[in-house]
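I have placed the structure first, in the form of structure tokens, so that the comments after it can refer back to it.
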There are 2 protein chains.
Amino acid sequence: MSKCGQCIIKRFNALKSLTHDELEKFSDHKTSLFIKKGENLMTEGNPINGLYCIRDGKAKLTKLSTNGKEQIIKFVKGGDILGQRSILSDEPVGLNTTALEDMHVCFIPKQDILDTIKENGQFSLNIMKVISHQLNQANTLISQMAQKPVKERLAETLLNLEEIFGVDNEGCIDVVLTREEIANTIGTATESAIRLLSNLKKEDVIDLINKKIKITDKNALKNMSDGY
Amino acid sequence: MSKCGQCIIKRFNALKSLTHDELEKFSDHKTSLFIKKGENLMTEGNPINGLYCIRDGKAKLTKLSTNGKEQIIKFVKGGDILGQRSILSDEPVGLNTTALEDMHVCFIPKQDILDTIKENGQFSLNIMKVISHQLNQANTLISQMAQKPVKERLAETLLNLEEIFGVDNEGCIDVVLTREEIANTIGTATESAIRLLSNLKKEDVIDLINKKIKITDKNALKNMSDGY
DNA sequence: TCATTGGTATGACAAATATCATTTATTTTT
DNA sequence: AAAAATAAATGATATTTGTCATACCAATGA
């Protein structure tokens, strides 16, 4: 199995402040796992005993609401780390992590993480920064969900998706989601999401190519997301 | 000014893991401030240079959405600490903190906090726990805002308010909010909030006494918040 | 005391969104 | 390739929620 020291993923996340020795320890203890599209990496309510570092692939983080509907809270991709919140607060996992495509993930045991947090102040601060940033994003999302109508939330979501996943060589947002998943992201009925996407296409703001979405008028979307 | 070592507030929050020397340092550097009802302790977008520890009083944490409406994200009270997210992520303040009644607050300079985080692993972990817990709550709220209809969100909010602020000697939720503030918490129009409160009173689930709300049938509210 | 103000309440109506039904397209299985 | 299953699209309609208008009430100050 490859060494953590050589993994380029670590350059992009909180692991970048680790010393050589700490990386060696992680390397020795880590396990590598492969998750198939549709499978769960973590499940809401379950305990967790380590940190996951995504080497490759995309996933949705979801919550099941009391009425049985799935709410997508967040999307993650290669370079993101998962499980830190649950490890730190010593609470069960809060969100389901479901692979949107086949994933390759590294697992680092909880104790190694906690030891390193105590020893390496900079690593500790980096992890805090990640969580702090996530909290800020979550607060923003609460406000948007509560205040914005569905059309604005859809516009916002499309811009977010392009921001997170980038575009493929045809200019399409580089992730494949079902209409239902888009609806579950913005918190609306699948039919409503479909209708609004159709409207956006008619208004020449987006293009629907195969299973992917291409933003053709980003400014229009930005204005729309702000209610203009 | 009183010493941090004697402050009972510290028993209830992340400050409880501080050593005697650390508390002394905080004591020497801290300043005490009084915020009148309606005034802001922190303002969205502003930089922050320390941690606030609420000794007494209640506040709402809000975000102004692009359409100019206020969204209440969270309520805080004596014993809660504020500003840790912003300090740690080195980002501007994310939420306005507005006093719901006169407040007494202690301010501890940022550098003291950062020094202590590096030196005291347990304090560091406690702060992380606080933020992690907040992130979990925020994620839950996203799901509720996105998936639940207004009536269920109101029921949920009333239960939350009683949980946070407790009840006074008449059994009323011990905080005074305007109808507009309740509406801004659940993300609806003021008139809708008023109407739904009136309905709840007619259904004998709550009682409206002066400016306060008394939950008279908690079970009914719980069921309602779950959509039954 | 009266007048003014801000918060609360309620009705009438409009707009947004969900639900149900049906059709069409796309993918998967046989 | 045909059949079956799943996903997407669209119309019709019901429900929820927001907006506007107006009335009411309670606190406050001249």
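Within every chain, numbering begins at 1; the chains are lettered A, B, ... in the order of the sequence lines, protein sequences first and strands thereafter. Predicted model only: the values in this text are computed from it and were never measured.
- Checked against salt bridge (charged side-chain N to carboxylate O under 4.0 Å, His left out), A:Lys212 has the following partners two or more places apart in sequence or in another chain: A:Asp168, A:Asp174.
- Screening B:Ile54, B:Ile164, B:Ile81 against B:Val76 for a side chain to side chain contact (heavy atoms under 4.5 Å, CB included) leaves a single residue, B:Ile54.
- Between A:Phe107 and A:Tyr52, the two ring planes are tilted [angle within 30° to 60°].
- Between the CG atom of B:Leu208 and the P atom of C:dA9 there is a distance of 6 Å, rounded to whole Å.
- Across all strands shown, A:Lys211 has heavy atoms under 4.0 Å from sugar-phosphate atoms exclusively, and none from any base.
- Atom NZ of A:Lys16 has more than 12 neighbouring heavy atoms from other residues, nucleotides or ligands inside a 6.0 Å radius.
- Under the 4.5 Å side-chain criterion, counting only non-hydrogen atoms from C-beta, A:Lys58 is not in contact with A:Met103.
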Could you run through nucleotides 10-24 of chain C and give me one letter per nucleotide, 5' to 3': B if any protein heavy atom sits under 4.0 Å from the base, S if only the sugar-phosphate is that close, - if neither?
BBB----SSBB----
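- Under the side chain to side chain contact (heavy atoms under 4.5 Å, CB included) test applied with B:Ser143, the options A:Met145, A:Gln71, A:Glu70 reduce to a single match, A:Gln71.
- We find that B:Lys129 and A:Glu91 are not joined by a salt bridge, their nearest charged nitrogen and carboxylate oxygen being 4.0 Å or further apart.
- The span of DNA chain D lying next to chain A, judged by atoms under 4.0 Å from heavy atoms, is bounded 5' to 3' by D:dA7 to D:dA12.
- Heavy atoms from other residues, nucleotides or ligands lying under 6.0 Å from NZ of A:Lys151 number 12 at most.
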